[in-house]
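Values in this document were obtained by computation on a predicted structure and should not be read as measured data. All heavy atoms count here, side chains included; hydrogens, waters and symmetry mates do not.
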Amino acid sequence: LIGYTGSLNQSEYYSINQEIKELEHFISMQEKGEILFLPKGYLSLYDVKERLSFLKKKVAENDTKGALPTGWSVTVR
């Protein structure tokens, strides 16, 4: 079993991580007092934070699916 990353393929995983970075940057700038337009498709800061939370959970679930069950190990020979 080599390179398994759960239910997301590499392209989806990269895309989601890119969106996470963009949303985190937007929230960071907002918290510093910058006046910014909301990212396209969002109606409020609350919506941005909800999407960020959803994406982080999706990545975490994906990473967990790619892990071995507790107590298992792999020996490479």
Side-chain angles (χ1 to χ4, degrees):
L1 189 61
I2 298 174
Y4 179 71
T5 59
S7 61
L8 298 175
N9 66 42
Q10 184 178 6
S11 177
E12 291 170 319
Y13 191 81
Y14 175 78
S15 178
I16 289 171
N17 276 301
Q18 195 63 28
E19 187 176 352
I20 287 172
K21 288 178 187 176
E22 290 168 7
L23 296 178
E24 286 177 334
H25 177 72
F26 173 81
I27 291 170
S28 173
M29 297 305 286
Q30 280 284 124
E31 290 173 349
K32 291 179 182 177
E34 294 287 329
I35 300 173
L36 305 169
F37 289 108
L38 288 166
K40 187 176 182 179
Y42 295 95
L43 300 175
S44 69
L45 181 58
Y46 176 81
D47 291 342
V48 173
K49 289 180 178 182
E50 284 293 303
R51 175 71 175 167
L52 179 58
S53 176
F54 170 78
L55 292 174
K56 285 183 173 183
K57 286 178 187 173
K58 190 169 186 170
V59 167
E61 288 171 3
N62 185 72
D63 289 347
T64 301
K65 287 181 185 176
L68 292 172
T70 303
W72 287 37
S73 64
V74 174
T75 303
V76 179
R77 295 178 187 206

Heavy-atom side-chain contact between Gln30 and Phe26 under 4.5 Å: yes

Starting at [atom1] of [X], measure out to [atom2] of [Y] and round the result to the nearest 0.5 Å.
X	Y	atom1	atom2	value
Ser53	Leu23	OG	CG	11.5 Å
Ser28	His25	OG	NE2	7.0 Å
Leu52	Ile27	CG	CD1	5.0 Å

Same cluster (ILVMFWY, side-chain, under 4.5 Å), Ile20 and Met29: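 They do share one cluster, since a chain of ILVMFWY contacts under 4.5 Å joins Ile20 to Met29.
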
Cluster overlap Phe54 with Tyr13, hydrophobic side-chain contacts below 4.5 Å: yes

Pairs satisfying salt bridge (charged side-chain N to carboxylate O under 4.0 Å, His left out), at least one member in residues 16-26, at least two apart: Glu19-Arg51, Glu24-Lys56

Within residues 28-47 or reaching into it, pairs that qualify as salt bridge (charged side-chain N to carboxylate O under 4.0 Å, His left out) - sequence neighbours excluded: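 As it turns out, there is no salt bridge (charged side-chain N to carboxylate O under 4.0 Å, His left out) pair with a partner in residues 28-47 once direct neighbours are skipped.
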
Tyr46: partners by side chain to side chain contact (heavy atoms under 4.5 Å, CB included), with sequence neighbours left out: Ser44, Glu50

Nearest non-hydrogen partners of Ile16 and Val59, listed with the distance: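 The pair with the smallest heavy-atom distance is CG2-CG2, 3.4 Å.
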
